[in-house]
Amino acid sequence: MKALKKIFILAAAVLSQTAFAQTTIKIASVAPARSSWDVQQRQIAKEWATITNGEIILQFMTSDAMGGEGGVVKKLNSVRPGQKAPIGGAVFTSMGLDDFAPKSNVMTLCAPFMFRSQDEVNAVLKEFTPTMQKAFDEKGYVVLGWFNIGWAYFFTSKPAYTPDELRKVRLAIGGLTSPALSNAFKSAGYLTQDVPADKLQSSISSGDVEGLFTIPMYAYAAQYYKNLVNVNNIPLAPVMVGFIMNKKDWEAIPDKYKPALMQSIKKAEAKFIADQKKMDAEYINLCVKNGCKVFDPTDAQKKVWEDSFRKDLHFMYEGTNPVVNKQFYEQIEAFLKKYRGE
């Protein structure tokens, strides 16, 4: 009887350990601390822990300590065959995604004035995500979700009401994170500065950088607006974020949890889509409350900007290291024309 009791006790101990076994998956993220994006990540982590009864813990870590997106890409790419990466995935912007998996051609989605609305962005993502996913499959990663965290605007220290005026401003476009993007602007006659992410704030404060191509959330959260006090209210392109995870980590998660985990991601995607326009406006308003001035162009002035960027688009797909894949761009343009009924 005592032997049987011991067996029951041992079995209960094993079951108890199994039930509370935890797997922590570290995810590097470029989300600014305490931003609405950061808050949403924490919500996803909380939901995943609840869905899996504490078995899967998502630990989002700032990419700043790893050297920004470029540093995270190096960490993911430096893993030898058979070794496990020190992090299980990343939340990258378009630049980081393109750096990690160039064949995905994600940066093509950032071509200025390609999209006219968030609905068009959503339609293109639905149509072309399987095509872009292949590049990440080859790298051993799955794309769990796409998020549009805002549209890119120009923030400058002095007013730049026309493309010609902007060409006189020292800009940080992609810098060392995406030299190809910076070079494309340079070829179009813009003064671009190659500045590492960890040096950007000091370069703006010193006046070495007089303008930035970024989303309002970043401009406010990183306090770039304090020196770049002029906001050109022309949303040029959506800034996409992709949540990627190592296939091995994803496959190790019990299948019974995966539908609910993906639903958690889809819910976050929907929230970003619903809040995107409001978020851009709110962050621009916060910048204005703190001393920034907004340039609201007329339709005629907007056309000058669009015509100028479309004229210079070829700089983005020419050369040995193009930003935009011309064939992919033309496929998206053809899809959008059909979507618009043109």
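Sequential numbering from 1 along the given sequence is applied to the chain's residues. No hydrogens, no waters, no symmetry mates; every other heavy atom, side chains included, goes into these values.
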- Message: Assess the residue pair M240 and V121 against the criterion (side chain to side chain contact (heavy atoms under 4.5 Å, CB included)); give the C-alpha distance rounded to whole Å, side-chain angles, the decisive distance to 0.1 Å, and a yes or no.
- Response: CA-CA 10 Å; M240 304 305 303; V121 177; 3.9 Å; yes
- Test Q118 against W151 for side chain to side chain contact (heavy atoms under 4.5 Å, CB included), laying out the working first. CA-CA 10 Å; Q118 183 61 44; W151 288 61; 3.6 Å; yes
- V143 and M132: CA distance, side-chain angles, deciding distance, side chain to side chain contact (heavy atoms under 4.5 Å, CB included) verdict: CA-CA 9 Å; V143 180; M132 295 187 290; over 6 Å; no
- Task: May I have the step-by-step check of side chain to side chain contact (heavy atoms under 4.5 Å, CB included) for I253 and T23, ending in yes or no?
- Result: CA-CA 9 Å; I253 297 173; T23 297; over 6 Å; no
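Two residues are said to be in side-chain contact when any heavy atoms from C-beta on lie closer than 4.5 Å; L261 and T52 meet this criterion.
Salt-bridge annotation for D137 and K134: absent, with no side-chain N of the basic residue lying under 4.0 Å from a carboxylate O of the acidic one. Salt bridge absent: E251 and K248 never bring a charged side-chain N and a carboxylate O closer than 4.0 Å. Ion pairing between D307 and R310 fails under the 4.0 Å rule for side-chain N and carboxylate O.
By the 30° and 60° cut-offs, the orientation of the rings of F92 relative to F100 is tilted. Aromatic ring pairs are classed by plane angle as parallel below 30°, tilted from 30° to 60° and perpendicular above 60°; the pair F295 and Y161 is tilted. Relative orientation of the H314 and Y317 rings is perpendicular, given thresholds of 30° and 60° on the angle between their planes. The aromatic rings of F328 and F128 sit perpendicular to each other, their planes meeting at more than 60°, with 30° as the lower class boundary. Under the 30°/60° scheme for interplanar angles, the aromatic rings of W37 and Y218 are found to be tilted.
Of the possible polar contacts, none joining the E210 side chain to the K158 backbone as a donor-acceptor pair under 3.5 Å is found. Without hydrogens or angle criteria, S63 side chain to M66 main chain gives no donor-acceptor distance under 3.5 Å.
Pairs of residues two or more places apart, or lying in two chains, that qualify as salt bridge (Lys or Arg N to Asp or Glu O under 4.0 Å) and include a residue from residues 100-113 are K103-E138. For residues 283-296, every residue pair satisfying the side-chain hydrogen bond (donor to acceptor under 3.5 Å, both in side chains) rule, not counting sequence neighbours, is listed here: N233-D296.
With hydrogens and angles left out, the side-chain atoms of D208 and Q193 include no donor and acceptor closer than 3.5 Å. Residues E55 and Y257 bring a donor and an acceptor atom of their side chains to less than 3.5 Å of each other. Side-chain contact check for D194 and S182: at least one donor-acceptor pair (N or O, by modelled atom type) lies under 3.5 Å.
More than 12 heavy atoms of other residues, nucleotides or ligands sit less than 6.0 Å from atom NZ of K247. The environment of NZ in K139 is crowded: more than 12 heavy-atom neighbours from other residues, nucleotides or ligands sit within 6.0 Å. Around CD of E318, the count of heavy atoms belonging to other residues, nucleotides or ligands within 6.0 Å exceeds 12. Within a 6.0 Å radius of CZ in R42, no more than 12 heavy atoms belonging to other residues, nucleotides or ligands are found.
With a 6.0 Å cutoff to the six-membered ring centre and a 45° limit on the axis angle, K126 does not count as a cation-pi contact of W146.
Taken together through direct or relayed side-chain contacts under 4.5 Å among Ile, Leu, Val, Met, Phe, Trp and Tyr, M279 and L236 form parts of separate hydrophobic clusters. Using a 4.5 Å cut-off between side-chain heavy atoms of Ile, Leu, Val, Met, Phe, Trp and Tyr, with links allowed through other members, F315 and M95 fall into different hydrophobic clusters. Hydrophobic clustering, with ILVMFWY side chains joined whenever heavy atoms are under 4.5 angstrom apart, groups L286 together with M217. Residue V241 is not grouped with residue V72 when hydrophobic side chains (ILVMFWY) are merged at heavy-atom distances under 4.5 angstrom, including chains of intermediate members.
Taking the six-membered ring wherever Trp is involved, the centroid distance between the rings of Y220 and Y225 falls below 6.0 Å.
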